[in-house]
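Below: one structure, written as structure tokens.
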Amino acid sequence: MATVQKSKSAITLRGSAEIVCDYLNYGINSILFQRGLYPPESFKNTENYELTMLMSTDQKIIEFLENTLTQVKEWLVGRIVNKIALVIMNVKTLEVLERWDFHVEYEGDTSSVEQHSEKPLNTIKKEIRDVLRQITSSVTYLPLLDCLCSFDIQVYTKNDVELPKEWAESEAANVKNAQCVKMRSFSTNIHKMETVVTYKNDDL
Amino acid sequence: MNNDIGSNDTILKMMNYLKPSVNKMEDDGEESQKNDSLNATTPLKRRTSFDVTTPLKKFKEENKTFDSSYMGSPREMRRLRADLIEARNTILNLENRISHMHGIRKEMQVLFDNETRSLRKQHEYDRKSVLELENQLQTIRKREHDLKQELAEVKNKNHLFKISTDQKIEELEKKLCNITSDHKAQETQENLEFSSLKKKILELQNQLDIAEESAQVHQKLCKELEKQLNERASAVTELEMKNKELQKLKLQMKEYDYIKENYLEYQEQSKTQARKLAQFIDMEKENERLKEENFRIKDEIKNKLLLEEEVHDLKRRLVKFKEQESKFASIQMQLVQTEMYLNEWKAVARGILEETNANDTALPHLLRSTVERLQQQELYLTDEKVNLQSQLNSALHEAKVAKEELSKNQKLLTKLSGTDEQKKNLIHRMQKKLLLVSRERDSYRLQLDSYERDLTMCVNTSALGTQAANQVQGLKERVENLEKIVSGYRDMVAKLENDLQNAEHDGPDLPPVKLEQISRLKDEIDQLKQERERLRERNDQLEIQLEEYLVGNDSLKGGKVYHLANNPLSECLSQREALIEKLQEEVDRLKRKVKNMEEGFESSKLVDISMSTKEVQMLKEEIKNHELQTQHLKEYFKTSMQEFRDVVYELLGYKIDKTSKSLYKLTSTYAENAEDILCFQLNNNGNLHLLETDFSSRLEDLIELHLKHQNSFPNFLSSLTLDLYSNRTMVTEQLQIIDD
């Protein structure tokens with residue numbers, strides 16, 4: 001695993017950020033598969049968190065996620081990120097249909113760079129597994145996306161951020177007629193991730 | 001005539017021989033005889049009666065067929081019956097003929113009488129004709145006399161003529177004398193003339209001679225002619241008479257010949273009749289035999305019908321027996337079941353009675369007694385129960401009343417406590433107010449103190465100058481005014497303090513004005529409270545609304561939102577935009593092209609279009625061909641279908657129509673009415689079912705036998721065909737018989 005072990009069962013800040021990014025990678029891929037944004041045949045099975053996860057084989061998506069998540073990792077280490085949002089939008093009308101929020105909270109001594117967590121990795125993985133399961137089962141209640149859709153990943157940061165040149169400022173994606181479902185959260189004792197899905201309710 | 005008499009005798013004999021058998025028909029025969037005798041006045045009419053021989057011949061022929069052996073089938077029967085009727089008819093015909101022959105005989109006698117009468121008439125006529133001829137002779141004689149008279153007249157004329165000629169001669173002689181005298185007078189002058197005159201006289205004499213001769217010849221001729229005339233007239237009369245006689249005789253001869261021929265024919269006919277009559281006896285016998293046979297057959301048919309009825313009855317009885325058998329089995333089953341039930345009941349009864357060794361017969365009685373006992377017990381118990389129930393109800397009612405009272409009391413209590421609390425609150429508020437008022441008082445005091453301090457300061461500054469003296473004066477006035485105000489305030493304060501003290505001392509015993517004020521204030525407070533409550537609710541609602549509104553919105557929390565410029569969404573959007581742009585361009589291009597084409601430009605590129613039109617034409621042709629093919633196929637199918645249907649109709653005798661889905665109509669060739677239709681329905685399992693129609697309801701026997709028993713549609717249909725065919729042919733046969 002990508003966790004860096006300084007001592008036995010100790011997780012550093014960077015390691016925690018990496019766990020979070022791993023979670024984000026699998027979670028976003030899973031959502032992309034479950035919400036049918038890309039054809040199912042472009043996904044392949046991967047075993048992780050004792051689950052069979054579906055990961056996209058589309059080179060563009062892989063590249064995009066890698067670029068995004070490496071940057072997010074840096075920002076997580078710098079504790080600038082408030083929230084990471086996966087926005088699903090109707091391409092034709094530019095209407096925001098769904099927003100997956102991954103709220104980030106910083107726990108413990110938020111000033112120290114040398115922060116450690118003693119939480120066992122297996123417990124964290126178990127928590128992540130539970131969240132991913134919830135994401136997978138969310139298909140049952142989310143409305144069907146029956147139009148051409150695409151997605152974007154937005155990072156909500158605190159002020160004064162040095163922006164790399166590939167990055168641009170964006171606007172908050174608001175969902176009309178929204179309804180939201182809060183998933184379980186997991187924590188590394190450094191980062192606490194809270195997953196919430198907000199979607200447009202057609203029934204109203 | 002002898003022959004005739006002989007033939008008559010034979011006929012009479014025949015008649016006598018036939019009389020017993022023909023007795024029945026004689027009346028009719030006599031009538032016909034009369035009719036015939038009336039009709040047979042002329043020989044020509046008699047001929048009509050001879051044509052009747054032909055049907056007799058026919059009868060003979062039919063007799064031959066009659067001899068064919070009897071088969072015994074109903075059809076044969078029918079035929080035999082028909083033959084019999086025919087035979088009877090022929091017999092009748094023969095009898096008629098015989099009577100007719102009698103008539104003819106009588107007719108002949110009458111004819112002979114007539115003949116003799118006519119001959120007599122002829123004789124008379126001849127006599128008359130002789131008389132007539134005599135008369136004629138007399139007239140001829142008269143004519144002869146006339147002619148003689150004519151001859152005398154002619155002679156007279158001749159004589160007259162002679163006299164005249166003599167006179168002429170005399171005249172001529174005189175003339176001659178004159179001429180001779182003249183001659184003599186002129187003899188000298190005219191000797192030559194004289195000679196010529198002499199010659200002329202001679203010539204005249206010759207002429208006279210010739211004339212005389214001719215007159216004599218004429219006389220002779222006249223005589224000859226007279227003679228000839230007489231002869232001829234007599235000859236002519238004789239000839240005429242002879243001719244007439246000859247003709248009459250010829251006619252008579254012909255008639256006799258004719259009569260003779262007729263007699264010969266009669267003889268022949270009578271001979272044949274005799275022969276036929278000889279045969280007739282045989283026929284009579286045969287007829288009787290056939291009648292007997294007929295009776296026998298009828299009896300047999302009756303017996304057969306009886307037997308059939310018996311068979312039918314037996315069949316029905318058999319079916320009933322079968323049903324009863326099945327019923328019997330079910331009843332047996334039921335019996336067994338009921339026995340089982342009975343045993344169970346007995347066991348139950350024993351269980352109830354707790355007497356295992358009780359007798360079966362005694363069991364019901366025992367059970368009944370126990371049941372009655374139990375019922376009585378139950379009645380008693382129910383009675384008790386009802387009593388208890390009523391008691392319970394009354395108790396409950398009481399409890400309810402008590403409860404109500406209790407609740408009333410509680411309500412009263414709560415009300416009282418509420419008022420108590422209100423009063424407490426009131427006191428509390430009053431105390432607060434008091435505090436406020438005291439504070440006000442304190443503040444006023446402070447103010448007063450400050451004013452006093454100001455006043456002292458002003459006094460200190462008054463020594464500063466004259467200029468200020470006016471000011472001071474003014475100030476003094478002001479101070480006085482202020483002092484007045486202050487004193488007013490002080491009074492007010494004192495008054496207020498008094499009030500306060502009063503209030504403190506009095507407590508609940510407030511003056512009515514204050515009480516009023518208090519109540520007013522209370523109302524105000526209540527109002528305010530209500531308003532506050534309302535506002536809070538409103539606030540909550542708005543907060544909820546806001547929350548709802550904010551769910552979809554993202555809270556930035558003062559931060560910023562970043563994303564990769566090169567994200568899938570933007571990529572997708574740009575792709576889409578590019579696509580739209582491209583499409584727009586394409587649309588524009590096509591629009592332009594269309595416009596150009598409409599205006600007739602761009603002819604250079606029309607080649608493709610023309611090609612395409614050619615292609616279109618080709619395709620159209622192809623389509624047309626295909627359509628034609630399908631049309632042909634349709635027609636072929638139609639004709640072949642029709643042919644198939646016709647063949648089926650011809651072969652199987654049923655016209656099969658498909659009216660709707662899986663519903664087939666069958667019409668038989670031999671159907672009596674056009675509405676006689678059988679309906680069959682094909683159900684989902686592929687089984688055929690006969691549907692009920694008016695026609696099918698009439699075929700219950702066939703349905704029973706072929707469909708229910710044999711379960712065979714072909715059998716049913718073929719037997720139906722045979723039935724219908726036989727019905728139809730029977731009808732036609734009957735019609736034929738009626739026609740005959």
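Residue numbering restarts at 1 for every chain, and letters A, B, ... go by the order of the sequence lines.
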Output yes when [X] and [Y] qualify as a salt bridge under the 4.0 Å nitrogen-oxygen rule, no when they do not.
{"X": "Lys119(A)", "Y": "Glu127(A)", "result": "yes"}
{"X": "Glu74(A)", "Y": "Arg14(A)", "result": "yes"}
{"X": "Asp101(A)", "Y": "Arg99(A)", "result": "yes"}

Close aromatic pair by centroid cut-off 6.0 Å: His191(A) and Tyr106(A): yes
Full working for side chain to side chain contact (heavy atoms under 4.5 Å, CB included) between Tyr38(A) and Phe151(A): CA-CA 10 Å; Tyr38(A) 291 93; Phe151(A) 79 103; 3.6 Å; yes
Those residues of residues 568-584 of chain B, ordered by number, that approach chain A below 4.5 Å (heavy atom to heavy atom): Pro568(B), Leu569(B), Glu571(B), Cys572(B), Leu573(B), Gln575(B), Arg576(B)
Minimum heavy-atom distance Leu76(A)-Cys21(A), with the two atoms named: CD1-SG, 4.1 Å
Region of Leu37(A) that comes under 4.5 Å of a non-hydrogen atom in chain B: neither
Between Glu63(A), Gln71(A), Lys92(A), the one whose heavy-atom pairs under 4.5 Å with chain B are most numerous: Lys92(A)
Selection residues 179-199 of chain A - residue pairs positive for salt bridge (charged side-chain N to carboxylate O under 4.0 Å, His left out), sequence neighbours left out: Asp130(A)-Arg184(A), Lys182(A)-Glu194(A)
